[in-house]
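Below: the structure, in structure tokens.
This is a predicted model, so every value here is computed, not measured. Just the heavy atoms: all of them, side chains too, but no hydrogens, waters or symmetry mates, feed the values below.
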Amino acid sequence: MRIIQSLWTKPILNYSIQSEHGRFSGGWLETRYNLMSWSLSCLQLLKFYDEVELYTDRLGKHLLIDILQLPYSKVHLVFDSFDEFNTDLWALGKVFVYGLQKSPFIHVDGDVYIGERFPSRIEKASLVAQNVEKGYSLWYPPLMDNLKKQGVIFPDIILDVIEREGEINAYNAGIIGGNDTDFYRCYSKASLEFVMSNICNIDKTDIGGFNTIYEQNLFYSLAVSKKMPVNSLFETENKEELDDNVRSFTSFHQFPHISKYIHLYGVECKRNEKYCDELSVKLRTLYPEFHSKIESLTPAMS
């Protein structure tokens, strides 16, 4: 299986956007931790996969390849034409990359760390994601109500699935991919059209939250409408159980010897000194050369 990662640098460098859902420094407490996360993610993936490719822009290549010398198997420069987009549309780069794929893939976020190869059922599936998000009533309903009030126009495919199921569901895209690349071309096209149809109102909306709609909710809606099953890495629908497995501090502390998959999504992890310190310890223990390189580089960047 081919693993891909994507880094559009414009969102992580916009100092003016440090909102709760913004991606300045990748959402991390400091720039150094963002670089440590990318390093740990990439290097752990390369322990189990020969093909780990990076999709980025010239600055991303300069940071991760030229300076940090992360040993990606291939680098694709695809985001240099993205300057026209609002930097808070941080998931747009990911969705664009999904649509470029012509052979099976799993896209892995830069805040995901693996301690073993993905299961065979994941590598062989037509569509895969980290987990389904069902009944997230404290997040999706108020977000969508707010977006509607702000003038966002939703595609029929999303509205029809919500009406049919009576709730708003999605798939977490910590990992996403599979063998059906035709689906991803269709999904990527639909997602980009969704964003562009609202481009005039985008600055008036909760753009940070909007990312989860055009990426994760639309993915769910399209899979349901096409009656295509999605194979989830974690099959539980219990949010508390899932969070405990993939991003609790105990799980992170036990990585990679006991915990085999970590996804540090959300400000609760990335802007928490305890998690950041543990990330630093992990990288220093497992890959001391890269830790030293980052510590020597980042004082002027933080």
Side-chain angles (χ1 to χ4, degrees), residues 19-23 26-27 88-92 94-95 98 107-109 111-112 122 127-150 152-178 187 190-191 194-195 198 202 205-252 261-272 275:
S19 62
E20 179 182 358
H21 303 297
R23 283 300 182 271
D88 250 353
L89 292 168
W90 43 263
L92 195 64
K94 292 173 58 180
V95 173
Y98 304 156
H107 182 284
V108 180
D109 282 352
D111 54 4
V112 167
I122 293 295
L127 302 178
V128 302
Q130 178 181 287
N131 62 277
V132 68
E133 296 181 341
K134 276 184 172 287
Y136 281 31
S137 58
L138 297 179
W139 172 249
Y140 286 110
L143 170 62
M144 289 191 69
D145 286 345
N146 189 37
L147 290 171
K148 287 177 181 177
K149 290 176 184 176
Q150 294 166 340
V152 170
I153 301 171
F154 290 85
D156 289 341
I157 192 170
I158 287 180
L159 300 177
D160 290 346
V161 171
I162 292 173
E163 182 177 2
R164 190 187 321 163
E165 298 189 345
E167 61 182 2
I168 305 169
N169 300 314
Y171 279 101
N172 187 293
I175 67 165
I176 191 171
Y187 158 52
S191 181
F194 181 17
V195 172
N198 289 285
I202 211 73
T205 67
D206 176 4
I207 310 178
F210 182 45
N211 286 280
T212 64
I213 302 298
Y214 70 77
E215 184 189 25
Q216 300 188 152
N217 175 256
L218 180 61
F219 174 78
Y220 178 93
S221 300
L222 191 61
V224 168
S225 69
K226 289 180 174 290
K227 298 181 179 180
M228 299 186 63
V230 177
N231 201 317
S232 296
L233 181 61
F234 293 92
E235 297 178 339
T236 179
E237 295 180 11
N238 184 288
K239 186 178 187 303
E240 289 72 24
E241 179 185 347
L242 181 76
D243 284 351
D244 187 59
N245 285 333
V246 305
R247 66 168 184 166
S248 72
F249 185 74
T250 298
S251 293
F252 188 31
Y261 180 93
I262 298 294
H263 184 193
L264 296 185
Y265 59 94
V267 297
E268 302 91 338
C269 299
K270 293 182 177 179
R271 297 184 188 174
N272 184 313
Y275 279 85

Is it the case that Lys226 and Tyr187 place a side-chain donor and acceptor less than 3.5 Å from each other?
-> no

What distance separates Ile168 CD1 from Ile162 CD1, expressed to the nearest 0.5 Å?
-> 4.5 Å

Could you tell me whether the side chain of Tyr275 and the main chain of Arg247 form a donor-acceptor pair under 3.5 Å?
-> yes

Write down the atom of Leu218, the atom of Pro155, and the distance for their closest heavy-atom approach.
-> CD1-CG, 4.5 Å

Approximate separation, where rounding is to 0.5 Å, of Ile175 CD1 and His263 NE2 | 10.0 Å

Provide the closest heavy-atom pair for Leu127 versus Pro229 in the form atom of the first, atom of the second, distance.
-> CB-O, 3.9 Å

Kindly give the heavy-atom pair with the smallest separation between Val230 and Val128, and that separation in Å.
-> CG1-C, 4.0 Å

What distance do Ile262 atom CD1 and Ser248 atom OG have between them, rounded to the nearest 0.5 Å?
-> 7.0 Å

Compare all side-chain heavy atoms of Val224 with those of Arg164 and state whether any distance is below 4.5 angstrom.
-> yes

Is there side-chain contact between Phe219 and Val95, with at least one heavy-atom pair below 4.5 Å?
-> no

So Leu89 and Tyr214, side chain to side chain contact (heavy atoms under 4.5 Å, CB included) or not? Walk me through it.
-> CA-CA 10 Å; Leu89 292 168; Tyr214 70 77; 3.8 Å; yes

dist Asp156:CG -> Glu163:CD (nearest 0.5 Å) comes out at 10.5 Å

Report yes if the distance between the aromatic ring centroids of Tyr261 and Phe234 is under 6.0 Å, otherwise no.
-> yes

Without swapping roles, check the side chain of Ser251 against the backbone of Asp244 for a donor-acceptor pair under 3.5 Å.
-> yes

Criterion side-chain hydrogen bond (donor to acceptor under 3.5 Å, both in side chains) against Glu133, the qualifying member of Tyr140, Trp139, Tyr171 = Tyr140

Where Phe210 and Leu143 come nearest, the two heavy atoms and their spacing | N-CD1, 4.4 Å

Between the side chain of Asn211 and the main-chain N/O of Ala91, is any donor-acceptor distance below 3.5 Å?
-> yes

So, does Asn245 use its side chain to make a donor-acceptor pair with the main chain of Glu241 at under 3.5 Å?
-> yes

Enter the distance from Asn272:CG to Phe252:CZ here, rounded to the nearest 0.5 Å.
-> 11.0 Å

Identify the two heavy atoms, one from Ser221 and one from Ile157, that lie closest to each other, and give their separation to 0.1 Å.
-> CB-O, 3.8 Å

Can you tell me if Ser191 uses its side chain to pair, donor with acceptor, with the backbone of Glu215 under 3.5 Å?
-> no

Ignoring hydrogens and geometry, is there a side-chain-to-backbone donor-acceptor pair from Glu237 to Val132 under 3.5 Å?
-> no

Before giving the answer on salt bridge (Lys or Arg N to Asp or Glu O under 4.0 Å), spell out for Asp243 and Lys239 the whole-Å C-alpha distance, their side-chain angles and the decisive distance to 0.1 Å.
-> CA-CA 6 Å; Asp243 284 351; Lys239 186 178 187 303; 2.8 Å; yes

Might you point out which heavy atoms bring Asn198 and Val152 nearest each other, and give the distance in Å?
-> OD1-CA, 3.3 Å

Spacing of CD1 belonging to Ile158 relative to CG belonging to Asn169, to within rounding of 0.5 Å | 12.0 Å

Is there a donor-acceptor pair closer than 3.5 Å between any side-chain N or O of Tyr98 and the backbone N or O of Gly177?
-> no

Between Asn131 and Asn172, is there a donor-acceptor pair closer than 3.5 Å when you use the side chain of the first and the backbone of the second?
-> no

Side-chain donor-acceptor pair present, Gln130, Tyr265, cut-off under 3.5 Å | no

